[in-house]
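Lettering follows sequence order; numbering is per chain, from 1. Just so you know, these numbers come straight off a predicted model, no measurement behind them.
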2 protein chains.
Amino acid sequence: MPASPLQRTNLKKLAQELNLSISTVSRALNDSYEIAADTKERVKQKAQELGYEPNPYASGLRSRKSKTIGLVIPEVANNFFSLAIDGVEEIARANDYHVLIYLTHESHEREATIIQHLAGGRVDGILMSVASESPDASHLATLVESNVPLVFFDRVGEGIATARVTTDDYASGYRATEHLVEQGCRRVAYLLISDTLSIGQKRMEGYRAALQAHGLPADAALIVPGTLDRDQNTRRIRELLEQDPAIDGIFASVETLAISSYEACQQLGRRVPEEVKIISFSNLATAAYLNPPLTTIRQPAYEMGKKAAEILFRAISRNRPVLPTQSAELQSTLVVRRSTGG
Amino acid sequence: MPASPLQRTNLKKLAQELNLSISTVSRALNDSYEIAADTKERVKQKAQELGYEPNPYASGLRSRKSKTIGLVIPEVANNFFSLAIDGVEEIARANDYHVLIYLTHESHEREATIIQHLAGGRVDGILMSVASESPDASHLATLVESNVPLVFFDRVGEGIATARVTTDDYASGYRATEHLVEQGCRRVAYLLISDTLSIGQKRMEGYRAALQAHGLPADAALIVPGTLDRDQNTRRIRELLEQDPAIDGIFASVETLAISSYEACQQLGRRVPEEVKIISFSNLATAAYLNPPLTTIRQPAYEMGKKAAEILFRAISRNRPVLPTQSAELQSTLVVRRSTGG
DNA sequence: TTTATTTACGGAAACGTTTTCGAAAAAAAC
DNA sequence: GTTTTTTTCGAAAACGTTTCCGTAAATAAA
């Protein structure tokens, strides 16, 4: 028995049915001015009827437009990135674009191979937040060479001339530290993600400046880099608190380190906020229901995703490179809760 | 000045450089048995040297393989789906596949148009968790007609003959309810996501069965459907608790409803767990640090994503349809914490 | 040595679009 | 009534792969 070929309707079939040429049908569907209004109508009608869906690979090949952007982020199990994805997807949908998602898991190697693939023309543009393990941005140079528009958000690659959507990290770091000091802290530890990430550096600069402004010493021993392993982070923080019992404030530059701090304090029996006050960069939806409720610096993650996507699409639609001057800096907000309370 | 054409290296250019034909170069790169070992080596060497990256749209068009799967989920700002994405991405990468992500935001209409597009051949297969607003699965029929492999995970579409990766929802619903009853609850409310979702139904069946088994009445007034708006959910729960003060247990079938329950109890000054005990399906990483720590039914989200992807890739690689018999049911685990404590 | 088979490659068609070029018919200008 | 312009469409060439088919040389079988 001859299995029905199940021929997906394409332009050829559509043209035959309509007694028109392929080119006419194509133009009609693309609303070309060269096609008579009634013909357009007839074509669209038939296309609808036969459930025609253009082959994205054929049109991508011919038109050199993939209608797709790449979203490269370290992880997804993180409220900041989840919200950012939401914003990106929103704008992508509005522009009739598709979103390819890639997770680096903070690995430089993964990031490099992903970028390598994306430079091959699979996407019309890229949004990314660089991996903490990436020592520099040299692996992103091929993108620039390939003319693939790129916009950074939150975690930027230094030395790449393109737009970046960030938050006021220095100011936020300053404000967070100052808040701890104002609440009575005299010895504040700073937990950072990675040495190489610029946002960690900027937040730390704010931290240092705030300490200095309030006449407190900036002790290098108070600065603890985190790892990818939560248990290990908890252990490090615990050791820190044990070795330096005078520590009465913790400034976590990233969400997971705040959780580890809670764990460490719980294990050591240190009361929060009475003995140790904790503040963290975080977009946790449940921050208000933690025990105690966590004071956070909340980044406008959703808006950052939207903004970054908007900048990218402006470049794509105008067929222009993304310029550093199009960068945007959004403001984080300090949400005071009991973890830094009196 | 003549701007350098910046010709991306393709097979043609590669063939010219090597004094070989296009077909030979293509076959060499694809490790065809027809090509001599030393030629392969020479070709690959040159490809590496010129940074050749095959055009995905050309090869997708010709080979009818997109090397891409579609992931269709309701939202991403949800720990369950975040973890599932992680699992999916892991397997996709292992199979050298790309992942297109689509968010339905629980909208049936969005879901339908997404599916419509995906049926056009953009992806080799689809993983999805259906939107709560989808009344039935009729919009998924086109996929089956188009022969696009589909695997459901967690939220399934009834009536579609394909594999599904779920958890033991009935048993979990039963266990959760029984746990509340054993902890002394006599009047347990059930908060569900949506009327149409099968998982909500199954969990509710377990809930009903457990009540009956323990000689408790199943009052329809105890069953409250949620909405997409968190504040509205909180209000409804608050009204429920006010109108029926005898309620001493809440079973939330989804994470956000647990948060709303916390909010409602806090607003009403009801103590958890003394006056009201709360249990919830949830994958919150911070469940243990909530106030009070939340007793959860934790689904193996990461594993579900992995499993669903594995089933899909088996079908794709063997070029066979996905069969319902390949479905898998994983087990959720009850994690008892203080929100249901004595 | 002659014939059959295998090895290693090239030519060209095909995938389904978009787009360039051309051209007939209709409308407008003269 | 002729010429010019506009309107509307068709033929065919791309886009960069994969793959079918053919074929020369090299090897094996006779």
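- Contact of B:Arg62 with D:dT17 (side chain to base): no donor-acceptor pair of N or O atoms is detected under 3.5 Å.
- For B:Thr39, a side-chain nitrogen or oxygen approaches OP1 or OP2 of C:dC9 to under 4.0 Å.
- In terms of position along DNA chain C, the nucleotide closest to B:Ala36 lies nearer the 5' end than the nucleotide closest to the other residue of the pair A:Asn30 and B:Ala36.
- Regarding contacts with the backbone of C:dG16, every side-chain N or O of A:Tyr52 stays at 4.0 angstrom or more from both OP1 and OP2.
- The side-chain heavy atoms of A:Leu150 and A:Val322, taken from C-beta on, include no pair separated by under 4.5 Å.
- At a threshold of 4.0 angstrom between heavy atoms, the contacts of A:Ser59 are confined to the sugar-phosphate backbone, with no base atom among them.
- A close approach under 4.0 Å does not occur between any side-chain nitrogen or oxygen of A:Ser26 and OP1 or OP2 of C:dT17.
- By the 4.5 Å heavy-atom criterion applied to side chains, B:Ser26 and B:Asn30 are counted as neighbours.
- Here A:Ile35 lies in heavy-atom contact (under 4.0 Å) with sugar-phosphate atoms only.
- Under 4.0 angstrom from either OP1 or OP2 of C:dG10 there lies at least one side-chain N or O belonging to B:Ser21.
- At a cut-off of 3.5 angstrom, the base of C:dG16 holds no donor-acceptor pair with the side chain of A:Arg8.
- In this structure, B:Arg64 reaches the C:dG16 phosphate: one of its side-chain N or O atoms is under 4.0 Å from OP1 or OP2.
- Each of B:Val25 and A:Glu34 has a nearest nucleotide on DNA chain C; the 5'-most of these lies closest to B:Val25.
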